[in-house]
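Structure first, then comments.
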There are 2 protein chains.
Amino acid sequence: MLDLTPVEAVACCSPLMSTPLSKEAAEGIAPLLKALADPVRLRLMSLVAAHENAEACVCDLNDAFDLSQPTISHHLKVLHEVGLLDRTKRGTWVYYRVNPDAVAAVANLFGVVRAAGEASAPAGAR
Amino acid sequence: MLDLTPVEAVACCSPLMSTPLSKEAAEGIAPLLKALADPVRLRLMSLVAAHENAEACVCDLNDAFDLSQPTISHHLKVLHEVGLLDRTKRGTWVYYRVNPDAVAAVANLFGVVRAAGEASAPAGAR
DNA sequence: CCAGTACATTGATGTATGTCGATATGCCAC
DNA sequence: GTGGCATATCGACATACATCAATGTACTGG
């Protein structure tokens, strides 16, 4: 029932705005939005994304907030669990990286028009 | 108590993936995402948007869910309070309409690429 | 004015969430 | 191995949220 007609649907308006979301689709995307629906996590995402190499270690992120280290760790875990952030451990440090596919999944809701190859480009460009 | 200025405060802010979001920008946009971060409300948004004339009366929406009428009313109120849905009463019925500016504010976060004239078209074309 | 319909508000209840301090784990240097 | 640093997990707490049944409000038709 969710027949996405990419070009037209996206050209005029977003899937959210054109096609009634199925119960399953809504329940699939809502957790991603929920993870993003917190000021701290929003800033974490943008900090990681804006960091050089599109990755950031926790120590950098901790300093950007007035919150305790466990709290930041908790928020990073939430973002990681829904797939918005990837986690890599190198030595003592843990680096988080934005998962472009997960972001694209949310962005598609709002009719983001992306070049087909763009989503995978950052991963390959590393 | 709810002192957020939903759409205006956020319409200018930078995309999530390029510039680190300021504390204020994050706190401005998070309530919109929070309102959307629920499967029922996501479906409500898409149902209203997909309805003819881009507006729907509560009676139509109630029937699309297995939830009680007060619960749907509550979700509509949440979406209305952050500015994502506009409310109009005509006779006995109440009609909800998507506010394209509010949706655009969220979409901008994800770097939505829209045709230049398109963003203002829905608002103006009404 | 009365009854009925459409929608909102209230009050209650269980669950989820954000935050912290304390503690655990894992890595490194000596 | 010991001590120290980076990060995660745990337990506790207060607050917020989704949901419902009951009730309130506002409009309509007779």
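Since the structure is predicted, the reported quantities are computational estimates derived from the model, not experimental observations. FYI, side chains are in, hydrogens and waters are out, and symmetry mates aren't considered; it's all heavy atoms of this structure.
Here the CG-CG distance, from L32(B) to L36(A), works out to 13.0 Å after rounding to the nearest 0.5 Å.
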Evaluate L42(A) against L109(B) for side-chain contact (heavy atoms from CB on, under 4.5 Å), listing each step before the verdict.
CA-CA 10 Å; L42(A) 261 187; L109(B) 249 196; 4.0 Å; yes
Intermediate values then yes/no, side-chain contact (heavy atoms from CB on, under 4.5 Å), L76(A) and L44(A):
CA-CA 8 Å; L76(A) 288 170; L44(A) 280 171; 4.1 Å; yes
Test side chain to side chain donor-acceptor pair (under 3.5 Å) applied to R87(B) and H80(B), step by step:
CA-CA 7 Å; R87(B) 225 180 80 103; H80(B) 174 61; 4.7 Å; no
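Across all strands shown, N62(B) has no heavy atoms under 4.0 Å from either base or sugar-phosphate atoms.
Atom P of nucleotide dT19(C) and atom NZ of K77(A) are separated by 16 Å, given to the nearest angstrom. Counting to the nearest Å, the C1' atom of dT9(C) and the NE2 atom of H75(B) are 15 Å from each other. D38(B) places its CG atom 13 Å from the P atom of dA16(C), with the value rounded to the nearest Å. If you measure from atom CD1 of I72(B) to atom P of dT9(C), you get 15 Å, rounded to the nearest angstrom. Distance, H74(A) NE2 to dC20(C) P: 11 Å, rounded to whole Å.
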Filtered N/O pairs between nucleotides 22-28 of chain C and protein, under 3.5 Å:
none

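Listed pair R87(B) / dA8(C) meets the phosphate criterion, a side-chain N or O lying under 4.0 Å from OP1 or OP2. Dashed line: the shortest gap from a side-chain N or O of Y96(B) to OP1 or OP2 of dA8(C) is under 4.0 Å.
Along DNA chain C, the nucleotide nearest L76(B) and the nucleotide nearest D66(A) are compared for position; the residue whose nucleotide lies closer to the 5' end is L76(B). In this structure, Y95(B) and R41(A) both approach DNA chain C, and ranking their closest nucleotides by distance from the 5' end singles out Y95(B). Comparing K34(A) and S73(A) by the nucleotide of DNA chain D whose heavy atom lies nearest to each, the residue mapping closer to the 5' end is S73(A).
Of all nucleotides in DNA chain D having an atom under 4.0 Å from a heavy atom of chain B, the first and last in 5' to 3' order are dC17(D) to dT28(D).
Taking both residues in full, the closest heavy atoms of P39(B) and A26(A) are given as O-CB, 3.6 Å, listed atom of the first, atom of the second, then distance. For L21(A) against S46(B), the heavy-atom pair with the smallest separation is N-OG, 2.9 Å.
N99(B) places a side-chain N or O within donor-acceptor distance of the main-chain N or O of G83(B), the cut-off being under 3.5 Å.
Between R90(B) and E55(B) a salt bridge is recorded (basic side-chain N to carboxylate O distance below 4.0 Å).
Taking the ring axis of F65(A) as reference, the NZ or CZ atom of R43(A) stays within 45° of it and closer than 6.0 Å to the ring centre.
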